Amino acid sequence: MELELKRAVARNADADPNDILNLKRVLNRLGHYLPDDLIGMTRFAETRLFEAIEAFQRLTGLTPTGQVKPDDETVQTLQEYLARTSGNDRYIWRTVRDDRVRPSHAAREGKLFRWKAWPEPGEEEHCRCWAELVDAVTSRDGVAAVGAVGKTAKDGEPHCFQEPWLDEAVEMLVRHEKTTSFPYGDSLGFITVGVGANVNQWDRFKSLPWRMDTEDGRFATLTEVTDGYEKLRKFIDDAWAEAEKNGKDKINYLAQKYSKITKLGLSSADYKKMFKDSVQ
C-alpha cells in the first residue's frame with residue numbers, strides 16, 4: 001500500500017475524492033481512522049478524517065494542522081510507517097456487528113489475519129470494518145504508529161476511547177450532531193434514536209429502557225413498546241410508498257419526515273451510554 005496524493009486534503013479544500021479514500025485507508029491500516037459505522041469508507045472528507053490526521057501528526061511529533069499536501073512531511077511520515085508494516089504483521093478483523101455487515105466480512109469478525117491477506121478491513125468502499133492491531137507498527141525512533149483504532153492501549157481500548165476522552169467525545173457529538181431522544185425513521189428507512197443509533201431490529205428495539213412522554217416519565221410497558229415499534233414501521237413504510245407514488249427520492253423524502261409519532265423516548269443518559277457502548 002502506498003499513499004500518493006494529487007491535491008491537498010484539508011478543511012474547505014477541493015480535495016480529490018480518490019485521495020480522500022486512499023488517505024482513509026492508510027490511516028485505518030495504521031490504526032488512526034475508524035470508518036463511520038453507518039456509511040463506512042467514503043470518498044468525502046468529514047471531521048473524523050481531519051481529527052485522525054491531527055492525531056497521527058501529534059503522535060509522530062509533527063505540527064497538528066489536520067491537513068496533508070502531496071509529498072509533504074505528513075505524507076512522508078505516513079509512507080515511513082506503511083513501509084514498516086510487514087505483510088506478516090497481524091490484526092484481528094472487527095465489524096460493527098449489525099445486520100448490514102457484508103456476510104463475507106461478518107464471517108471474519110474476531111479472526112486473526114495478516115496484512116498480506118486481501119481484502120483488508122475498510123479496503124472496500126462503504127466498508128465499516130476496522131483492524132484491531134496485534135503487532136504494533138513503529139518508526140525508526142521506536143514511536144508507535146498505533147492510534148485511534150489500534151487496540152494496544154490499556155484494557156484493549158483505543159487511545160481516543162479511553163477515559164476521560166471517551167466521555168468528552170460523546171459530549172462533543174451530542175452537542176454538534178443531530179441528537180434525538182425519540183425514535184424516528186431515518187433517511188434509509190431504519191428506526192433510529194440518539195446519536196444516529198440504528199435500533200431497527202425488534203430485539204434491539206425492545207431491549208432499550210424506553211420511557212413514556214408523560215409527567216412522571218415512567219418506563220414503558222412491553223405493550224407500549226410493541227405498539228410504538230409497529231407505528232414506526234407503518235409510518236416508514238407509508239412514507240416510502242407515498243414517495244414512490246409522488247415520484248420522490250425515497251431517501252431525501254423520508255429525511256424530511258423526522259417526526260415524533262410515538263410517546264417513547266430515551267433519557268439523555270441512556271442514549272449517551274448507547275453511543276459510548278457502540279464505540280468501545
Side-chain angles (χ1 to χ4, degrees), residues 1-37 39-86 89 91 115 120-123 130-154 157-177 279-280:
M1 178 182 286
E2 293 185 358
L3 178 61
E4 294 183 3
L5 301 182
K6 297 178 183 176
R7 301 199 290 269
V9 177
R11 292 178 173 87
N12 302 319
D14 181 24
D16 182 273
N18 291 328
D19 285 348
I20 293 171
L21 183 60
N22 289 335
L23 181 57
K24 287 181 178 181
R25 286 170 173 165
V26 168
L27 288 167
N28 183 40
R29 178 161 178 168
L30 293 178
H32 284 273
Y33 179 80
L34 187 69
D36 184 274
D37 63 3
I39 58 177
M41 284 288 196
T42 64
R43 296 174 189 268
F44 64 84
E46 76 280 48
T47 299
R48 71 172 62 204
L49 172 60
F50 300 120
E51 290 177 345
I53 295 170
E54 289 179 7
F56 177 81
Q57 290 169 329
R58 286 194 185 91
L59 188 64
T60 54
L62 302 174
T63 303
T65 61
Q67 64 182 27
V68 294
K69 298 178 181 178
D71 205 33
D72 70 358
E73 194 173 9
T74 299
V75 170
Q76 292 174 17
T77 306
L78 284 166
Q79 291 281 33
E80 179 185 337
Y81 280 119
L82 281 175
R84 294 173 181 277
T85 306
S86 167
D89 286 346
Y91 66 88
W115 285 115
E120 297 176 3
E123 179 75 12
W130 54 278
E132 179 179 320
L133 304 184
V134 175
D135 298 316
V137 184
T138 58
S139 65
R140 260 183 245 116
D141 57 5
V143 177
V146 175
V149 180
K151 293 240 179 173
T152 59
K154 181 181 177 182
E157 288 189 350
H159 292 292
C160 73
F161 293 153
Q162 295 180 65
E163 306 289 358
W165 310 114
L166 177 55
D167 288 334
E168 291 180 10
V170 170
E171 292 300 330
M172 180 183 70
L173 281 167
V174 168
R175 283 198 306 271
H176 297 290
E177 298 291 331
V279 296
Q280 285 185 300

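What you see is a predicted model, and the numbers here were worked out from it, not measured in a lab.
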Revision key, fill the gap. To the nearest 0.5 Å, atom NZ of Lys69 lies from atom CG of Leu5 at 12.0 Å
Point to revise | Nearest-0.5 Å distance, CG of residue Leu30 to OG1 of residue Thr77 | key: 11.0 Å
**Study point:** Residue pair Val26 / Phe56, side-chain heavy-atom distance below 4.5 Å
**Key:** no
**Study point:** Interatomic spacing from CZ in Phe50 to CG in Leu23 - rounded to 0.5 Å
**Key:** 9.0 Å
**Study point:** Side chain proximity check, Arg29 to Tyr91, heavy atoms < 4.5 angstrom
**Key:** no
Point to revise | Side-chain donor/acceptor of Gln57 to backbone N/O of Thr65, under 3.5 Å | key: yes
Check your understanding: From Asn18 CG over to Lys6 NZ, what is the distance, rounded to the nearest 0.5 angstrom?
Key -> 5.5 Å
**Study point:** Where at least one partner belongs to residues 11-20, residue pairs that pass salt bridge (Lys or Arg N to Asp or Glu O under 4.0 Å), sequence neighbours excluded
**Key:** Arg11-Glu54
Review point. Can you find a pair of side-chain heavy atoms, one from Arg25 and one from Asn28, that are under 4.5 Å apart?
Key: no
Practice item. Check the pair Leu82 / Gln79 against side chain to side chain contact (heavy atoms under 4.5 Å, CB included), numbers first and verdict last. Key: CA-CA 5 Å; Leu82 281 175; Gln79 291 281 33; 3.9 Å; yes
**Study point:** Main-chain N/O of Asp71 paired to Gln76 side chain as donor or acceptor, under 3.5 Å
**Key:** yes
Check your understanding: What is the distance from atom CG of Leu21 to atom CE of Met41, rounded to the nearest 0.5 Å?
Key -> 7.0 Å
Review point. So, do Leu59 and His32 sit near enough that their side-chain heavy atoms are less than 4.5 Å apart?
Key: yes
Point to revise | Considering all heavy atoms, the nearest Ala8-Ala13 contact | key: O-CB, 4.3 Å
Study note, to complete from the structure: d(Glu2 CD, Leu78 CG) to nearest 0.5 Å is 13.0 Å
Review point. For Glu4, does the CD atom sit with more than 12 other heavy atoms under 6.0 Å from it, leaving out its own atoms?
Key: no
Practice item. Could you go through the side chain to side chain contact (heavy atoms under 4.5 Å, CB included) check for Val9 and Leu49 one step at a time? Key: CA-CA 10 Å; Val9 177; Leu49 172 60; 4.1 Å; yes
**Study point:** Polar side-chain atom of Arg48 near backbone of Leu34 as donor-acceptor pair, under 3.5 Å
**Key:** yes
**Study point:** Min side-chain heavy-atom separation Lys24-Thr42 under 4.5 Å
**Key:** yes
Review point. Does CD in Glu73 sit with more than 12 non-hydrogen atoms of other residues, nucleotides or ligands closer than 6.0 Å?
Key: no
